[in-house]
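To keep things clear, I will list the structure first and then write my remarks on it.
Just so it is clear, the model here is predicted, and its values are computed rather than measured.
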Amino acid sequence: MKKLILYLVLAHLHVILLAQTGPGGVGNSTSNVLWLKSDVISGLAIDDPISNWTDLSGNGNSLLQADSNFQPFYQTVTHNALSFPVVRFSISNSRLVTNPFSNFPTDAITAIYVNKTTDSGDATVSYATGNLGASNEFLLYNSDALEVFRGPSKITSAANFNDGVFHISNVRWRASDGQVLVYKDGADADALNPLPALNAASISSFGSLALGAEQDEIDDIYTASQSHQGDFAEVMLFNTYLNTAEAVIVTNYLAAKYNIAVSTDYYAYESTHRFDVVGIGREDADNQHEAAMSANILQFDGATGLDQDQEYLFFGHDNEDITNWTSTEVPSGEDILRIAREWRLNETGDVGNVEVSIDIAELPSLTLGYSSYTILVDEDGDFSNGATLYQPTNNGDNTLSFSGVDISNGNYITIAIAVEVLTNTGPGGVGDISNIALWLRAEDLTGLADGDKVQTWADISGNGNTLTQDDLNLSPTFKENIINGFPVVRFDGTPEFGQSLVKTGFSNVAKTEISMVTVSVIYDENPGTHFSYFNNVDNKGFSWYSQHPRATFGDVDELLWGRPTIIESGRVLLFSLSTASAIVQYIKYSYYTPPTFSSTLAGDG
C-alpha cells in the first residue's frame, strides 16, 4: 500500500568554490594564465607607443617593451560598424615580451587571439626556453596557413587568417596524445583533413613569450622578415586543452564583443548586451561547462536540466552603471532600488532552473534603510511590471546565492536591494523567510549521482536549517527521475534504527501553530516516523507519523527527518502558519495532481 503525504521551503545555501571568472566565464587564475584585452588599456591616445600590456588573468604575466624602437602602437578601428581599440604591430621586429613566464603551460595549451592581418611568413606567438637550440618550444607561425611548432616539429593547418578582417584564432595542443586542433571563427579549419599528431615532450616553464615576433633564443635573435604586421584586440592562454563546450563559449564571448560572425553562434543579443558575455553548456556528455561568472558579479551554475547535447545558456550585460542604486524601472508597490545594469539571457534547449550567485563586493554600498538583496528576472526588460523577485542566503565572503531561479530564453536579470525582506517569495508565492521555517527540495541537491548517499540537504527557506548526517551508514540515498522527472531522497528503513537527516538547534519553528506539506511516497504500512522534532528542555516536541500526526509544543531543539519509515521525499516544507491550500496548487503544477492534505495544530494538544 502506498500513501501520499504533502509537506513545506525558500533560500538555498550554495557555495562558489572557485568562480569561473576567465574569458567567457571559462577558467580562472589557475587555468587562465594570460589574458590581454586592448579595451582596458588606459591613458593612451591614438598612435601612442605601448610599453606595457597588462595581464588580467591574475598571474602577473604582463607583456613589456622598454625599447621604443620595438614598441607597438595604440589604435582604434571599426569592424562591422563596431569601434574598439587594438594593439598595432606595424614596424619591423615590434614585439611585447614577458620573461620569464614562470607558469607557462606545460602538458596542454590553448592559445586564442583576435587579430586582423594581411601578413604571411609571420610569427604571432613565440615561446622559447633555450632548451631546444634555435627552435621555439611553442610557436604559431604564418597567418597565411597557420603552422604550429612544438620544438623542431610542426604541422601546417588549412586555416588562413590573412584576408585583412578580424578573426578568432584558437589553437589547442596536448602532450598526452599529441592532438592539435586549429579553429577559425569557431570552426575546425581541418575538419575534412584532420591534422596529424604533434608528439613532443612537455613544454618547459620559465621561458620567454614574445607576441608579434619570432625569437630563436630567449628574447633574442629576432628576424625582421618573421615579425608580425597586424592588429591584436585580445589574447589569452590556458594551461588546459579546452573541451568543445568551453571553446564554443569563449568563441561566443569574443564574437559578441567584437561583432565577428562565427559558425557556433549561440548568443543573439550582442547589439544591446555584448559586454562580458559568458555561458554554461553541454556539447555532449564528455564536453560540458557548468559554471560561469560575468563581470566578476553574476554567476550561474547548478543548472537542473543541462542533460541534452548542444544545450547552452549565455548571458551578457549592457554596460550600464553599477556604482549607484536607482529607482528607475523597479517593481511597483515594493520599496526597491536596483543597479542600472541588466543582463540578457540566451537559452538554447532547456537547461532547467539555475543557481544564481552575486558578489556584493562589486556592488555599491547599501543605501541607508535598505537591508536585503534580491535579483529580479523579467521577460521584457521593464522590471516595473511582471518581474519575479528572488531572495538569497548569505554564504559569507561577500557572496549571496539564489536557489531554483526559473529562466527562459530572452529573459532579463538585474540586482536590487529592498528596505526589508521581501514577502510572498516562498513556494507558490506563499510565505517568506519570516514564516517558512524549513524548505527542502531534492532537485537542489547538486553533485550527486543516482544511488549516492545524501549527507547534507540544504534548507532554502533562508533560515539556515540545513539537515545533515555524519554517519554514511545512516544517510538516505539520492534517486534520480522518480517523480515527474524530479529526483527524491530515499529513506529505506535500514539499518535497524533507520536512516535520518538531522538539524540540532532548530530554533524558529512556531510554538503554537504549524502547517506542513510533503511530496512523498511511503512504502511502509507501519506507523514509522515521517518527521519529528523534540526539545530537551521540557520534553515537548512534534512527531509526524506515516499514518497519523501527534504533537506537543515547547521550545524547539532538534529536527529529525525520516526515521525509521521507508519514504521517498521530493519536496519538504515547514510553515509557521496555515497556508496549505495554496501550497497544494504549487506542488500540483510542479509535480502532478496529488490528493489534498493539511494539518494545523495549536497549543499543547
Side-chain angles (χ1 to χ4, degrees), residues 23 34-57 61-99 101 111-127 139-144 146-147 159-171 184-185 208-215 219 222-237 253-261 274:
L34 178 70
W35 189 6
L36 309 173
K37 299 198 297 181
S38 59
D39 58 340
V40 300
I41 296 174
S42 61
L44 296 182
I46 302 301
D47 293 328
D48 278 354
I50 297 173
S51 61
N52 183 337
W53 199 356
T54 302
D55 173 28
L56 302 176
S57 73
N61 293 317
S62 297
L63 272 59
L64 311 174
Q65 184 52 260
D67 191 334
S68 61
N69 293 312
F70 304 125
Q71 291 171 344
F73 299 95
Y74 182 80
Q75 190 57 261
T76 60
V77 297
T78 300
H79 172 73
N80 290 339
L82 181 67
S83 295
F84 50 86
V86 295
V87 176
R88 175 163 294 173
F89 293 77
S90 58
I91 60 176
S92 179
N93 273 338
S94 60
R95 57 191 181 267
L96 292 170
V97 178
T98 182
N99 180 28
F101 199 135
I112 301 174
Y113 55 83
V114 176
N115 174 261
K116 180 181 76 170
T117 187
T118 58
D119 208 351
S120 61
D122 57 317
T124 52
V125 176
S126 169
Y127 177 76
L139 172 65
L140 302 182
Y141 185 82
N142 189 20
S143 296
D144 186 32
L146 192 65
E147 300 173 357
N160 179 306
F161 294 100
N162 67 343
D163 58 357
V165 298
F166 280 95
H167 293 290
I168 302 169
S169 304
N170 181 325
V171 178
K184 176 182 177 180
D185 300 333
S208 169
L209 176 74
L211 182 69
E214 194 265 334
Q215 54 191 330
D219 193 21
Y222 292 93
T223 302
S225 63
Q226 295 176 333
S227 63
H228 175 73
Q229 310 286 299
D231 297 339
F232 283 96
E234 195 151 339
V235 181
M236 61 193 72
L237 293 179
Y253 152 70
L254 293 171
K257 181 175 181 179
Y258 297 107
N259 202 11
I260 297 173
R274 67 182 180 89

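Among all heavy-atom pairs drawn from Pro72 and Ser94, the shortest one is N-CB, 4.4 Å. Closest approach of Val86 and Phe166 over heavy atoms only: CG1-CZ, 3.9 Å. Heavy-atom minimum distance, Ala261 versus Asp185: O-CB, 3.8 Å. Listed here is the closest heavy atom pair of Thr124 and His228: CG2-ND1, 3.8 Å. Minimum interatomic distance between Ile168 and Ala255 (heavy atoms only, all atoms of both residues): CD1-N, 3.9 Å. The minimum heavy-atom distance linking Ala45 with Tyr74 is given by the pair O-CD2, 3.5 Å.
Here the straight-line distance linking atom CG of Leu56 with atom CD of Glu234 works out to 8.5 Å at 0.5 Å rounding. Atom CG in Asn99 sits 11.0 Å away from atom CG in Asn61 (nearest 0.5 Å). To the nearest 0.5 Å, atoms CZ (Arg95) and CG (Asp219) are separated by 6.0 Å. Going from atom CG of Asn69 over to atom OG of Ser92 covers 10.5 Å, rounded to the nearest 0.5 Å. Atoms CZ and NE2, on Phe84 and His79 in that order, are 6.0 Å from each other to the nearest 0.5 Å. How far OG1 of Thr76 is from CZ of Arg88: 8.5 Å, rounded to the nearest 0.5 Å.
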Side chain to side chain donor-acceptor pair (under 3.5 Å) evaluation trace for Ser62 with Thr54: CA-CA 5 Å; Ser62 297; Thr54 302; 4.5 Å; no
Check against side chain to side chain contact (heavy atoms under 4.5 Å, CB included), Asn259 and Arg274: CA-CA 9 Å; Asn259 202 11; Arg274 67 182 180 89; over 6 Å; no
Chi angles and distances behind the side chain to side chain contact (heavy atoms under 4.5 Å, CB included) call for Ile50, Leu63: CA-CA 10 Å; Ile50 297 173; Leu63 272 59; over 6 Å; no
Candidate pair Asn115 and Asp231, rule side chain to side chain donor-acceptor pair (under 3.5 Å), full reasoning: CA-CA 5 Å; Asn115 174 261; Asp231 297 339; over 6 Å; no
Trace of the side chain to side chain donor-acceptor pair (under 3.5 Å) decision for Gln226 with Asp122: CA-CA 5 Å; Gln226 295 176 333; Asp122 57 317; over 6 Å; no
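A donor-acceptor pair is defined here as one N or O able to donate and one able to accept, closer than 3.5 Å; no such pair exists between the side chain of Gln65 and the backbone of Gln71. Although no hydrogens or angles enter the test, the distance criterion places a donor-acceptor pair under 3.5 Å between the side chain of Tyr141 and the main chain of Gly121. In this structure, Ser38 contributes its side chain and Ala233 its backbone to a donor-acceptor pair below 3.5 Å. For Lys184 (side chain) and Asn160 (main-chain N/O), a donor-acceptor pair under 3.5 Å exists by modelled atom type.
Taking the six-membered ring where the residue is Trp, Phe232 and Tyr113 present perpendicular rings, their angle passing 60° and hence far from 30°.
Here the rule is side chain to side chain contact (heavy atoms under 4.5 Å, CB included) with Met236, and of Val114, Ile112, Asp55, Asn170 only Ile112 fits it. When each of Thr117, Asn162, Thr118, Asp163 is paired with Asp144, the side chain to side chain contact (heavy atoms under 4.5 Å, CB included) condition holds for Asn162 and for no other.
Looking at heavy atoms from C-beta onward, Tyr222 lies out of side-chain contact with Ser227 at the 4.5 angstrom threshold. Side chains of Leu237 and Leu209 form a contact here, defined as non-hydrogen atoms less than 4.5 Å apart.
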